[in-house]
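In what follows, every chain begins at residue 1, and chains take the letters A, B, ... in the order their sequences are listed.
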Amino acid sequence: MTFALIMAGGAAVSPIVFQLTIFVLAIFVGYYVVWSVTPALHTPLMAVTNAISSVIIVGALIAVAAGAQGGSSVSTWTGAIAVALCAVNIFGGFLVTQRMLAMYKKKAK
Amino acid sequence: MTFALIMAGGAAVSPIVFQLTIFVLAIFVGYYVVWSVTPALHTPLMAVTNAISSVIIVGALIAVAAGAQGGSSVSTWTGAIAVALCAVNIFGGFLVTQRMLAMYKKKAK
Amino acid sequence: MPELSANLAAILYTVSAVLFILALRGLSSPETSRRGNYYGMVGIAIAIVTTFLVAGMGGTGFLFAGAGLAVGGVVGAVIAKKIPMTDMPQLVAAFHSLVGLAAVLVAVAAFFSPDSFGILNDEGTIKAGSLLELSLGAAIGAITFSGSVIAFAKLNGNMSGAPIMLPFRHLINIALGLGVAVLIGMLMKSGGSDPTILWSLVAITFILGFLLIIPIGGADMPVVVSMLNSYSGWAAAALGFTLGNMALIVTGALVGSSGAILSYIMCKAMNRSFISVILGGFGGDTSSAAGGDKEQRPFKQGSAEDAAFIMKNASKVIIVPGYGLAVAQAQHAIREMADTLKEEGVDVVYAIHPVAGRMPGHMNVLLAEANVPYDEVFELEDINSEFSNADVAFVIGANDVTNPSAKTDPSSPIFGMPILDVDKAGTVLVVKRSMSTGYAGIDNDLFYEDKTMMLLSDAKKMVESIIKTL
Amino acid sequence: MPELSANLAAILYTVSAVLFILALRGLSSPETSRRGNYYGMVGIAIAIVTTFLVAGMGGTGFLFAGAGLAVGGVVGAVIAKKIPMTDMPQLVAAFHSLVGLAAVLVAVAAFFSPDSFGILNDEGTIKAGSLLELSLGAAIGAITFSGSVIAFAKLNGNMSGAPIMLPFRHLINIALGLGVAVLIGMLMKSGGSDPTILWSLVAITFILGFLLIIPIGGADMPVVVSMLNSYSGWAAAALGFTLGNMALIVTGALVGSSGAILSYIMCKAMNRSFISVILGGFGGDTSSAAGGDKEQRPFKQGSAEDAAFIMKNASKVIIVPGYGLAVAQAQHAIREMADTLKEEGVDVVYAIHPVAGRMPGHMNVLLAEANVPYDEVFELEDINSEFSNADVAFVIGANDVTNPSAKTDPSSPIFGMPILDVDKAGTVLVVKRSMSTGYAGIDNDLFYEDKTMMLLSDAKKMVESIIKTL
Ligand SMILES: NC(=O)c1ccc[n+]([C@@H]2O[C@H](COP(=O)([O-])OP(=O)(O)OC[C@H]3O[C@@H](n4cnc5c(N)ncnc54)[C@H](OP(=O)(O)O)[C@@H]3O)[C@@H](O)[C@H]2O)c1
Ligand SMILES: NC(=O)c1ccc[n+]([C@@H]2O[C@H](COP(=O)([O-])OP(=O)(O)OC[C@H]3O[C@@H](n4cnc5c(N)ncnc54)[C@H](OP(=O)(O)O)[C@@H]3O)[C@@H](O)[C@H]2O)c1
């Protein structure tokens with residue numbers, strides 16, 4: 001293989017390598033972004049990370065679609081349940097965070 | 001196209017999209033990492049960013065190789081000059097940074 | 001429904017990942033936090049809509065997905081609206097268990113419809129790499145699920161907080177851990193032909209989750225919850241690799257770091273090692289070393305009238321809330337007391353220890369709920385030098401976070417933990433129900449000092465009588 | 001030489017990107033900074049070796065590349081060894097110009113050997129996307145090059161620091177900017193068949209770089225240097241996309257952010273807008289508004305003996321260095337003076353304003369060179385409250401950073417810039433050569449205060465005579 005192919009604007013690089021790079025950089029971002037959270041908001045932080053980790057709903061929705069479009073019905077069912085669980089978390093997590101954050105007020109001058 | 005192909009562990013996604021994501025995350029990392037540099041080391045920071053931005057030498061080396069392996073001789077020459085310029089920067093930048101950093105001492109107790 | 005191109009979808013997922021980063025970034029200050037939360041909501045909405053379009057979701061799929069969303073959404077919204085703020089620790093644990101279970105279900109679904117998930121190789125078996133990611137996702141998800149259930153039960157009082165120490169538990173756990181590794185290897189070798197292996201993996205990791213958490217005392221649960229939060233992040237990231245999904249990978253890393261950092265902060269502030277927390281056995285009902293030869297030492301006890309009199313004549317009062325405030329739900333009462341004192345011209349502020357209460361930021365949320373402005377609430381580093389200028393330190397339901405043995409007694413289990421220097425104040429008023437110990441199970445010399453007056457009562461009742469007297 | 005697989009190479013490039021992140025991260029404290037610098041060196045070494053292997057470099061290529069590396073490396077190493085610390089601002093500018101030029105050359109090389117760079121599409125023309133990246137890389141590189149050359153010349157004194165204001169310069173720049181856009185468009189349309197377009201693009205952007213920087217005064221050069229640093233980062237990132245190279249993309253983003261943030265910090269600390277710096281015309285030889293009706297106000301002048309006497313009897317002295325310290329190269333002398341005072345039992349520390357000198361961290365490097373321990377050197381926020389406890393503020397070659405008009409006079413051009421509160425100290429000693437103004441060109445009321453004593457002399461000479469007297 002000539003190195004032209006190796007270069008090729010990254011075309012010869014497997015997606016998994018790109019994803020690994022993304023993962024590593026995201027860990028750096030996570031590290032910095034979490035350390036910069038003020039301790040007073042650590043409880044909302046726990047609630048909101050909960051909510052955003054439910055983005056795994058993406059996988060659940062694909063499972064439902066997969067089942068419905070000729071895949072195994074196991075997928076439909078596990079997918080649908082997972083969608084419901086994630087939805088509890090998403091709505092519950094963001095709304096409870098919002099409720100908490102709404103309580104943090106500055107001194108009325 | 002079925003969505004299987006769209007999913008496919010990202011295989012259907014063009015490298016440029018991955019690279020864009022990497023770029024965006026790297027900007028976040030850069031933002032946080034630079035803000036956490038202590039002001040006392042801002043001069044070494046300027047020197048070292050200089051040195052690392054010379055990683056563009058990667059492109060210069062490829063240019064040399066390209067020229068030598070049947071590409072245009074323009075590439076060989078521009079590549080070789082670029083390699084030299086980058087090398088000045090790399091050696092100069094890292095060594096002068098090292099010289100500066102070696103001077104920062106704690107109080108002898 | 002129209003289908004999206006793979007590239008456009010990937011870009012949209014990246015956008016939602018960036019919005020999640022901005023959501024966490026917003027939490028660096030209360031002012032920006034609300035906007036940050038909206039970013040998070042928009043981010044998840046983009047991820048969901050994108051997935052509907054990518055998957056060309058229609059017909060049955062649409063019904064199932066819609067039903068799941070609707071049911072789950074309603075349940076979640078109702079919980080969020082109803083839950084009392086004092087129940088946040090158990091709520092977070094409960095929510096984690098759901099994420100863990102969802103991860104398991106997604107892994108199972110991918111296993112059964114590998115074609116649609118695009119994880120088949122040319123021979124028609126599931127790619128080994130994908131099987132590894134799937135089984136990691138499932139295993140971590142299952143541990144998160146069962147571990148969080150236990151954490152929830154302990155925090156919510158459905159189960160005693162005492163550590164349950166099985167004989168040979170370390171051996172059992174190691175054996176199960178080896179079993180997990182073997183099963184993952186078998187799964188990868190089978191190419192996904194045998195679902196029994198996957199089911200066994202899920203079953204073993206469910207059990208492992210239970211076993212890992214039951215020996216840990218109820219009071220250590222916050223660290224555990226945070227650690228499980230971290231796990232759920234890594235599970236999401238593992239599945240993100242399977243799905244090639246940017247939003248999942250980035251979010252997984254964010255959540256994974258967040259949980260790990262919070263656990264670290266808690267351990268650091270308690271001056272305990274993470275390992276010792278995980279190995280368990282701490283914080284049960286058994287009193288610790290100091291408990292044995294405890295002599296009955298003299299202390300000064302006071303009444304609500306005494307306290308009211310002292311504080312009315314003070315010019316500066318620092319309130320130090322602790323876990324007892326949450327137990328007694330005294331946050332509204334204390335705000336009222338502070339308001340009354342302020343009307344009398346007394347300067348009142350709050351001092352929060354990083355691990356006061358039972359989860360990070362616990363006291364801040366309770367005070368915020370009671371409408372205490374956050375600029376009257378100070379972190380340890382910012383207020384500790386102020387105690388020497390204060391006439392009164394009003395300690396309410398706090399114990400360990402004020403224990404001077406952390407500074408003076410190298411043999412104390414909390415030695416080295418930073419504490420609030422309440423003993424620098426002119427007078428120390430301590431509200432608690434008895435002379436018994438707090439979370440760490442050790443005696444607090446502060447209670448026996450000359451300048452200390454104990455107000456033995458439930459926090460809410462005591463504060464309410466003080467208000468009446470003022 | 002063995003060739004590497006694309007995946008392995010990509011992973012190695014990622015590793016070097018991570019090492020670069022760690023290199024910058026190390027700069028968060030002097031202790032970790034040295035290790036950080038080694039990470040950076042390892043990172044670049046990995047990137048270079050990987051490229052040699054990926055490109056299967058051999059024969060002529062190896063010779064050319066090796067020669068370039070050897071020549072450049074020796075030159076760089078010699079410069080790094082020889083350069084005096086006071087010349088750092090111009091050195092950084094010079095180095096930036098090299099990166100800029102290298103970016104241009106790489107873009108040209110890629111254009112001429114598109115096949116080897118893997119940027120051809122199926123029709124055998126260069127991909128439009130790659131042409132866009134290439135031309136951005138070349139254009140930004142060229143601007144960085146010529147701009148940095150001017151910045152170097154102004155900082156190094158090869159060229160007057162005065163702003164050179166061409167008539168219609170904004171119009172000319174806008175016209176050139178449009179020209180650049182048109183040429184990029186043409187280039188993309190041509191599919192890379194016509195090198196003339198590329199050469200024209202390079203020529204125009206070279207000129208644009210000159211024109212953009214000449215109207216900016218010499219004293220504003222640090223902001224410009226930092227901005228050009230940022231540009232060189234974005235140029236590297238653009239070429240990183242062309243080459244699909246992780247190390248370049250990440251580094252580009254790091255360097256781009258770094259330069260932008262440093263420019264922001266400088267502008268903020270000077271209380272000027274970035275736009276006003278870029279539009280130029282500031283910091284020339286012409287004195288500013290206040291210069292016109294300057295009356296001769298009375299001030300107190302002192303001698304080295306007076307200064308020595310005052311400081312010997314002080315218990316706390318804060319030294320405030322400024323640009324004049326660099327001009328006079330007085331860093332070693334001032335360290336010696338501080339040592340002598342410390343032997344007399346005087347407490348001596350240093351206070352550094354964020355924009356003291358002519359580049360960020362300028363004073364810190366000079367003091368470090370003179371072996372001043374960095375824990376005696378304090379940033380503005382950390383020391384400003386200490387001036388009221390100090391008997392003497394010893395201002396040496398600093399001017400604007402102590403000007404009280406920044407706090408009191410809303411019409412002052414530096415109004416709003418944070419300053420060092422030297423006037424809170426018991427006595428203020430100011431070493432400078434004359435009563436003339438500093439960088440901002442405005443009078444400093446501090447010099448005329450009762451508690452101020454002016455020591456008019458070259459900083460190094462004055463400090464040396466003080467040491468003799470002590
Ligand atoms: N915040 C976190 O993230 C976190 C995480 C893990 C562990 N911890 C640990 O939790 C502890 C927190 O310290 P802390 O000072 O807040 O709490 P603490 O040391 O556990 O003490 C709480 C005190 O509140 C009193 N109390 C309980 N219910 C009460 C009521 N209804 N009215 C009045 N008083 C009541 C108890 O005494 P009586 O029984 O006599 O009333 C008890 O001594 C630390 O040891 C910390 O390490 C915290
Ligand atoms: N650091 C940065 O990153 C940066 C970037 C851009 C702009 N700036 C600007 O630069 C200025 C820095 O403030 P500064 O207080 O350090 O410097 P300054 O305000 O420029 O004043 C320096 C003073 O040093 C004196 N001086 C020059 N040579 C001397 C010598 N050989 N011996 C003794 N004194 C000498 C000069 O007075 P005489 O001529 O009377 O001796 C002059 O007043 C600020 O206005 C800042 O905004 C800084």
Quiz item: Considering only heavy atoms from C-beta outward, does the side chain of B:Lys105 approach that of D:Asn371 to under 4.5 Å?
Solution: yes
Quiz item: Could you state the interatomic distance from OH (B:Tyr32) to OG (D:Ser257), rounded to the nearest 0.5 Å?
Solution: 12.0 Å
Quiz prompt | Check: D:Tyr38/B:Gln98 side-chain N/O donor and acceptor closer than 3.5 Å | solution = yes
Self-check item: B:Leu61 portion near chain D, given a 4.5 angstrom heavy-atom threshold
Solution: both
Quiz prompt | Proximal component of D:Ile265, with respect to chain B [non-hydrogen, under 4.5 Å] | solution = side chain
Exercise. Could you tell me which portion of D:Thr251 (side chain, backbone, both or neither) has an atom closer than 4.5 angstrom to a non-hydrogen atom of chain B?
Key: side chain
Quiz prompt | Which portion of D:Pro354 sits near chain B, non-hydrogen atoms under 4.5 angstrom | solution = neither
Quiz item: Is there side-chain contact between B:Trp77 and D:Leu105, with heavy atoms separated by less than 4.5 Å?
Solution: no
Practice problem: Could you tell me whether the side chain of B:Ser75 and the main chain of D:Ala109 form a donor-acceptor pair under 3.5 Å? | Solution: yes
Quiz prompt | D:Leu262, part contacting chain B, at a heavy-atom distance under 4.5 Å | solution = side chain
Self-check item: Within-4.5 Å side-chain heavy-atom neighbours: B:Leu101 and D:Pro30
Solution: no
Quiz item: Tell me, side chain or backbone of D:Ile44 under 4.5 Å from chain B's heavy atoms, or both, or neither?
Solution: side chain
Quiz item: Using a cut-off of under 4.5 Å for heavy-atom pairs, which of D:Val108, D:Val74, D:Ile83 has the most such pairs with chain B?
Solution: D:Ile83
Quiz item: Between B:Val33, B:Val64, B:Leu41, which shows the greatest number of heavy-atom pairs under 4.5 Å with chain D?
Solution: B:Leu41
Quiz item: D:Met88 and B:Met100: side-chain contact (heavy atoms from CB on, under 4.5 Å), yes or no, with the steps?
Solution: CA-CA 10 Å; D:Met88 282 313 297; B:Met100 279 192 265; 3.3 Å; yes
Quiz prompt | Proximity breakdown for B:Val74 and chain D, heavy-atom pairs closer than 4.5 Å | solution = side chain
Practice problem: For chain B, find which of D:Met41, D:Met359, D:Arg25, D:Glu376 contributes the most heavy-atom pairs closer than 4.5 angstrom. | Solution: D:Met41
Self-check item: Distance, nearest 0.5 Å, that separates NZ of B:Lys106 from CG of D:Asp375
Solution: 6.0 Å
Practice problem: Below 4.5 Å from any heavy atom of chain D, which atoms of B:Leu25 appear? Answer side chain, backbone, both or neither. | Solution: neither
Quiz item: Side chains of B:Met46 and D:Ser226: does their closest heavy-atom pair fall under 4.5 Å?
Solution: yes
Quiz item: Does any heavy atom of chain B fall under 4.5 Å from the side chain of D:Met246, the backbone, both, or neither of them?
Solution: side chain
Self-check item: Contact winner vs chain D - B:Gly79, B:Cys86, B:Ala60, B:Ala26, heavy-atom pairs under 4.5 Å
Solution: B:Ala26
Practice problem: Report yes if the side chains of B:Pro44 and D:Val365 come closer than 4.5 Å at any heavy-atom pair, otherwise no. | Solution: yes
Quiz item: Looking at B:Leu95, B:Ile27, B:Val29, which makes the most heavy-atom pairs under 4.5 Å with chain D?
Solution: B:Ile27
Quiz item: Where do D:Ile79 and B:Phe91 land on the side-chain contact (heavy atoms from CB on, under 4.5 Å) test, with the steps shown first?
Solution: CA-CA 9 Å; D:Ile79 294 177; B:Phe91 282 80; over 6 Å; no
Quiz item: Is it the side chain or the backbone of D:Val71 that comes within 4.5 Å of chain B heavy atoms, both, or neither?
Solution: neither
Practice problem: Examine the side chains of B:Thr43 and D:Asn364 and answer whether a donor and an acceptor come within less than 3.5 Å of each other. | Solution: no
Quiz item: Given a strict heavy-atom distance threshold of 4.5 Å, which part of D:Ile261 is in contact with chain B: side chain, backbone, both, or neither?
Solution: side chain
Exercise. Decide yes or no for D:Leu24 and B:Val48: does some side-chain heavy atom of the first lie under 4.5 Å from some side-chain heavy atom of the second?
Key: yes
Quiz item: Heavy-atom distance under 4.5 Å to chain D: side chain of B:Ile57, backbone, both or neither?
Solution: side chain
Quiz item: With respect to chain B, which residue among D:Val75, D:Thr14, D:Thr60, D:Leu69 yields the maximal number of heavy-atom pairs within a distance under 4.5 Å?
Solution: D:Leu69
Practice problem: With rounding to the nearest 0.5 Å, note down the distance linking CD1 in B:Ile62 to CG in D:Asn245. | Solution: 6.5 Å
Quiz prompt | Segment of B:Val37 engaging chain D (4.5 angstrom heavy-atom cut-off) | solution = both
Quiz prompt | Options B:Ala47, B:Pro39, B:Ser54, ranked by heavy-atom pairs under 4.5 Å with chain D, top entry | solution = B:Pro39
Practice problem: Please test D:Leu254 against B:Thr49 for side-chain contact (heavy atoms from CB on, under 4.5 Å), starting from the C-alpha separation and ending with a verdict. | Solution: CA-CA 8 Å; D:Leu254 289 179; B:Thr49 50; over 6 Å; no
Quiz item: Top residue by heavy-atom pair count (under 4.5 Å) with chain B, among D:Ala236, D:Gly40, D:Ala47, D:Ala77?
Solution: D:Gly40
Practice problem: Name the option with the most non-hydrogen atom pairs under 4.5 Å to chain B; the candidates are D:Lys81, D:Glu31, D:His362, D:Met363. | Solution: D:Lys81
Exercise. Check whether more than 12 heavy atoms from other residues, nucleotides or ligands sit under 6.0 Å from atom CZ of D:Arg34, and answer yes or no.
Key: yes
Self-check item: Contacting region of D:Ala103 [heavy-atom separation from chain B under 4.5 Å]
Solution: both
Self-check item: Region of D:Ser29 in contact with chain B, defined by heavy-atom distances below 4.5 Å
Solution: backbone
Quiz item: Given that the side chain runs from C-beta out, which part of D:Leu239 has a heavy atom under 4.5 Å from chain B: side chain, backbone, both or neither?
Solution: side chain
Quiz item: Relative to chain B, which segment of D:Ser16 carries a heavy atom at a distance below 4.5 Å: side chain, backbone, both, or neither?
Solution: neither
Self-check item: Gap between atom CZ of B:Arg99 and atom CG of D:Asn37 - 0.5 Å precision
Solution: 13.5 Å
Self-check item: 4.5 Å side-chain heavy-atom contact, D:Ser28 and B:Thr38
Solution: no
Quiz item: Any idea which of B:Gly67, B:Ala102, B:Gly92, B:Gly30 has the most non-hydrogen atom pairs under 4.5 angstrom with chain D?
Solution: B:Gly92
Exercise. Heavy-atom pairs under 4.5 Å with chain B are the metric here; pick the option from D:Ser97, D:Gly73, D:Gly61 that has the most.
Key: D:Gly73
Self-check item: Contacting moiety of D:Tyr264, where chain B heavy atoms sit under 4.5 Å
Solution: side chain
Practice problem: Begin from the C-alpha positions of B:Val88 and D:Phe95 and carry the test side-chain contact (heavy atoms from CB on, under 4.5 Å) through to its verdict. | Solution: CA-CA 8 Å; B:Val88 173; D:Phe95 278 171; 4.0 Å; yes
Quiz item: Checking heavy atoms, do the side chain of D:Glu369, its backbone, both or neither come under 4.5 Å from chain B?
Solution: both
Quiz item: Can you tell me how far the OG atom of B:Ser36 sits from the CG atom of D:Leu27, to the nearest 0.5 Å?
Solution: 8.5 Å
Quiz item: With distance as the sole test, does D:Ser113 use its side chain to make a donor-acceptor pair with the main-chain N or O of B:Ser72 at under 3.5 Å?
Solution: yes
Quiz prompt | Nearest-0.5 Å distance that lies between atom CG in B:Asn50 and atom CG in D:Leu91 | solution = 8.0 Å
